[in-house]
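Structure record follows, encoded as structure tokens.
Heavy atoms only: backbone and side chains are in, while hydrogens, waters and symmetry mates are out. Nothing fancy with the numbering, it's 1 onward along the sequence.
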Amino acid sequence: MQRRNVFLAAAALVAALALPAILVPAWAADRKADEAELTRLSNNWDKVIVAKQEKAIADNMAEDFRIIDGHGNVENKAQFVAGVMDAKLTIDPYTVEDFEIRFYGDVALLSGRTLMTGTYDGEKFTSNYRYIDIYAKRDGKWRIVSVQITRYPPKEAPPAK
């Protein structure tokens, strides 16, 4: 009987140690898929903002979206979309540097650094900023729920990682 108990305990220990090895690949595959989807959504959102595709911009956003801009102003989804669609605003195509995704369950923080140029009411502008886009997975779909922008002067631009 004692030998059987030792065998059962050993078998339980082996099973307990093997279980994470079985589950991790499924979890890792899901994370890789989420990371690819969020990267795609982020890249596409940048493109549709430049192209002023109102429906595509709004479709990426949750209804309760909010942004805190580089001046500390808070806007909701309708205000943000209206600002991007303003006929006085033209944003040049831009790239994101130092792009990173961090996961917290069904919430993901996407961060990066951007140099944005364009015109507003005929005047050229340049904006250097770091951002955090917060996405939440709701009903199986990732949507952007919040954005925080921190501006910095061009001469103080932090070095790329």
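Between E63 and K77, at least one side-chain N (NZ, or NE/NH1/NH2) sits under 4.0 Å from a carboxylate O, which counts as a salt bridge. Between D64 and R138 there is a salt bridge, with a side-chain nitrogen of the basic residue lying less than 4.0 Å from a carboxylate oxygen of the acidic one. Checked for salt-bridge contact, D34 and K137 meet the test: a charged N lies under 4.0 Å from a carboxylate O.
Interatomic distance, L110 CG to I101 CD1, rounded to the nearest 0.5 Å: 4.5 Å. Taken from CZ in R40 to CD in E35, the straight-line distance is 14.5 Å, to the nearest 0.5 Å. The line from CG of D121 to CD of E123 is 7.5 Å long, rounded to the nearest 0.5 Å. Note: S127 OG to I149 CD1 = 7.0 Å, rounded to the nearest 0.5 Å. Distance CG/D69 to OH/Y129: 11.5 Å, rounded to 0.5 Å. Atom NZ of K141 and atom CD of E37 lie 10.5 Å apart (nearest 0.5 Å).
For the side chain to side chain contact (heavy atoms under 4.5 Å, CB included) with M116, the qualifying choice from I91, V50, T126, D46 is I91, the only one to do so.
Between the side chain of K52 and the main chain of D86, a donor-acceptor pair closer than 3.5 Å is present.
Counting only heavy atoms from C-beta outward, the side chains of Y104 and L109 approach each other to under 4.5 Å. Two residues are said to be in side-chain contact when any heavy atoms from C-beta on lie closer than 4.5 Å; H71 and R151 meet this criterion. No side-chain heavy atom of V48 sits less than 4.5 Å from a side-chain heavy atom of E54. Using a 4.5 Å cut-off on side-chain heavy atoms (C-beta onward), T90 and F125 make no contact. Side-chain atoms of L41 and W142, non-hydrogen and from C-beta on, do get closer than 4.5 Å to each other. N128 has its side chain within reach of Y152: a pair of non-hydrogen atoms, C-beta onward, lies under 4.5 Å apart.
With hydrophobic clusters built from ILVMFWY side chains whose heavy atoms lie under 4.5 angstrom apart, V81 does not share a cluster with V74. By the rule that hydrophobic residues join a cluster once side-chain heavy atoms approach within less than 4.5 Å of another member, I49 and I132 end up as members of separate clusters. Residues I144 and V107 fall into different hydrophobic clusters, defined by Ile, Leu, Val, Met, Phe, Trp and Tyr side chains chained together at heavy-atom separations under 4.5 Å. When hydrophobic clusters are built by joining Ile, Leu, Val, Met, Phe, Trp and Tyr residues whose side-chain heavy atoms come closer than 4.5 Å, directly or via intermediates, V84 is grouped together with V147. Under a hydrophobic-cluster definition in which Ile, Leu, Val, Met, Phe, Trp and Tyr are linked whenever side-chain heavy atoms come within less than 4.5 Å, directly or via other members, I68 and W45 are assigned to different clusters.
The minimum heavy-atom distance between Y94 and L115, with the atom names listed, is CB-O, 3.7 Å. In terms of heavy atoms, L38 sits closest to A108 at CD1-CB, 3.5 Å. Nearest heavy atoms, S42 versus F99: OG-CE1, 3.8 Å. Across every non-hydrogen atom of A136 and V145, the tightest pair is CB-CG1, 3.9 Å.
In summary, the side chains of Y135 and N60 do present a donor paired with an acceptor at a separation below 3.5 Å, with no hydrogens or angles considered.
Aromatic ring orientation, F80 versus F65: tilted (interplanar angle from 30° to 60°).
In R143, the CZ atom is crowded: over 12 heavy atoms of neighbouring residues, nucleotides or ligands sit closer than 6.0 Å.
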